[in-house]
2 protein chains.
Amino acid sequence: MSERELRRNLAILPIGTVRELTLLTDRQIRYYEQNELIAPNRGKGGQRRYSLNDVDRLLEIKDFLDAGDSIKDIQEIFAKQRRKAIEKQDSESALRRSLQKEFAQIGRFGR
Amino acid sequence: MSERELRRNLAILPIGTVRELTLLTDRQIRYYEQNELIAPNRGKGGQRRYSLNDVDRLLEIKDFLDAGDSIKDIQEIFAKQRRKAIEKQDSESALRRSLQKEFAQIGRFGR
DNA sequence: TTTCTTATGTTAGAAAACCTGACACGTATG
DNA sequence: CATACGTGTCAGGTTTTCTAACATAAGAAA
């Protein structure tokens, strides 16, 4: 993961600022967690800590709900996203492997 | 200010995460505030809210202290930084003005 | 050396924020 | 109509943060 992605995944925000950032209520935020749409970390004393990515995701959830999607719909949307991300990742590492082979050939015969 | 700078100046972090991020104690963080090295916002209930820039600045302070500078030294260093930033800003807007004049001339005579 | 100053530790008591669990309710849907 | 869904609200308990004060080790100054 890149430096930037790491930072965006740091669990640094308490629920209060997430509430302000998203204009959701804490009831809503916790409900979405119960339904596995987000999975914030917990700090030492057991309090939720959100990342900037979590905030993004909450805003997405809000949009989907506003658009009429149900929570189950959103679960599936996210599941699909995950599948695609994995697929993409797989195809990329396959590409890397085949390129490696190619370069190895060049190394052996091509000079 | 750019979008990015705006985000970095958002007051979103409670002192607890700042403590974890900087490895300072809250006593230290508040002491530096007392000495005007940082000026965090306050949330609704009066609790301190730090921005990512505040975190950077705290890390800077830490480095200066480790290097043997006193708090007063650091105050002056920061004051100097501010002066330079303003200077730079002034010279840039002067440049903009003179370029504007120049283009105005071209507009009037140059075709 | 003795006496300040500086940066930090520690403690106490109060206020704010957060936690879980439960019950309530309006709306949409089967 | 009956149910499920998403959200509001409340209570009681825990965690975090707040301010203010006193304590102290190490360096600076007298």
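First the proteins, then the strands, lettered A, B, ... as listed; each starts at 1.
- The side chain to side chain donor-acceptor pair (under 3.5 Å) pairs that include a residue from residues 37-47 of chain B number zero, where partners must be two or more places apart or lie in different chains.
- Between the CG atom in B/Leu65 and the OH atom in B/Tyr32 there is a gap of 4.5 Å [rounded to 0.5 Å].
- How far CD1 of A/Ile61 is from CG of A/Leu24: 8.0 Å, rounded to the nearest 0.5 Å.
- For the helix from C/dT1-D/dA30 to C/dG30-D/dC1, the rotation axes defined at the first and last 5 base pairs enclose an angle of 20°, given to the nearest 10°.
- At whole-Å resolution of the value, CD1 in B/Ile29 and P in D/dT19 are 13 Å apart.
- Taken residue by residue, residues 9-21 of chain B places heavy atoms nearer than 4.0 Å to DNA chain D at B/Pro14, B/Ile15, B/Gly16, B/Arg19.
- Rounding to whole angstrom units, CZ of residue B/Arg42 and P of D/dC18 are separated by 6 Å.
- When hydrophobic residues (I, L, V, M, F, W, Y) are linked wherever their side-chain heavy atoms come within less than 4.5 Å, the members clustered with A/Met1 are A/Leu6.
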Protein and nucleotides 7-11 of chain C: nitrogen or oxygen contacts under 3.5 angstrom:
unit_1 : atom_1 : unit_2  : atom_2 : d
C/dA7  : OP1    : B/Ile71 : N      : 2.8
C/dA7  : OP2    : B/Tyr31 : OH     : 3.4
C/dT8  : OP1    : B/Gln28 : NE2    : 3.0
C/dT8  : OP1    : B/Tyr32 : OH     : 3.2
C/dT8  : OP2    : B/Tyr32 : OH     : 2.8
C/dT8  : O4     : B/Arg27 : NH2    : 2.9
C/dG9  : OP2    : B/Thr25 : OG1    : 2.8
C/dG9  : N7     : B/Arg27 : NE     : 3.2
C/dG9  : O6     : B/Arg27 : NE     : 3.3
C/dG9  : O6     : B/Arg27 : NH2    : 2.9
C/dT10 : O4     : B/Arg27 : NE     : 3.3

With 3.5 Å as the limit, what N/O pairs link the protein to nucleotides 28-30 of chain D?
none

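- The hydrophobic cluster around B/Leu23 extends to none of the other residues, as no ILVMFWY side-chain heavy atom falls under 4.5 Å of it.
- Judged as a side chain to side chain donor-acceptor pair (under 3.5 Å), the pairs with a partner in residues 55-70 of chain B (not counting sequence neighbours) are, in order, B/Arg8-B/Asp56, B/Ser70-B/Asp73.
- Counting only residues at least two apart or in different chains, side chain to side chain donor-acceptor pair (under 3.5 Å) contacts with residues 74-88 of chain B are absent.
- Of the residues in residues 48-62 of chain A, none has a non-hydrogen atom less than 4.0 angstrom from any atom of DNA chain D.
- For the pair B/Gln34 CD and D/dT19 C1', the interatomic distance rounds to 10 Å; values are reported in whole Å.
- Side-chain contact check for A/Ile29 versus A/Tyr50: some heavy-atom pair is nearer than 4.5 Å.
- Atom pair A/Asp26:CG and D/dG8:C1' shows a separation of 11 Å (rounding to whole Å applied).
- Listed by chain and residue number, A/Arg4, A/Glu5 satisfy the side chain to side chain contact (heavy atoms under 4.5 Å, CB included) test with A/Ser2 (two or more places apart in sequence, or in another chain).
- Between B/Ile74 and B/Leu37, the shortest heavy-atom contact is CG2-CD2, 4.0 Å.
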Does A/Phe64 form a side chain to side chain contact (heavy atoms under 4.5 Å, CB included) with A/Ile71? I'd like the steps, not just the answer. CA-CA 9 Å; A/Phe64 282 128; A/Ile71 295 224; over 6 Å; no
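- Between the CG atom of B/Leu37 and the C1' atom of C/dT6 there is a distance of 13 Å, rounded to whole Å.
- Put simply, the side chain of B/Leu21 reaches to within 4.5 Å of the side chain of B/Leu13, judged on heavy atoms.
- For the atom pair OG of A/Ser51 and CG of A/Asn9, the computed distance is 5.0 Å after rounding to the nearest 0.5 Å.
- Within the structure, side chain to side chain donor-acceptor pair (under 3.5 Å) pairs that include any residue of residues 12-23 of chain A comprise A/Arg19-A/Asp26 (at least two apart or interchain).
- Within the 4.5 Å cutoff, side-chain heavy atoms of B/Ile15 are placed close to those of B/Arg30.
- For the pair B/Asp73 CG and C/dT6 P, the computed distance is 11 Å after rounding to whole Å.
- Rounded to whole angstrom, the span from the CD atom of B/Gln47 across to the C1' atom of D/dT15 amounts to 11 Å.
- The interatomic distance linking A/Gln75 (CD) with D/dA4 (C1') rounds to 14 Å, in whole Å.
- Taking 4.5 Å as the limit, every side-chain heavy atom of A/Ile38 sits out of range of all side-chain heavy atoms of A/Phe78.
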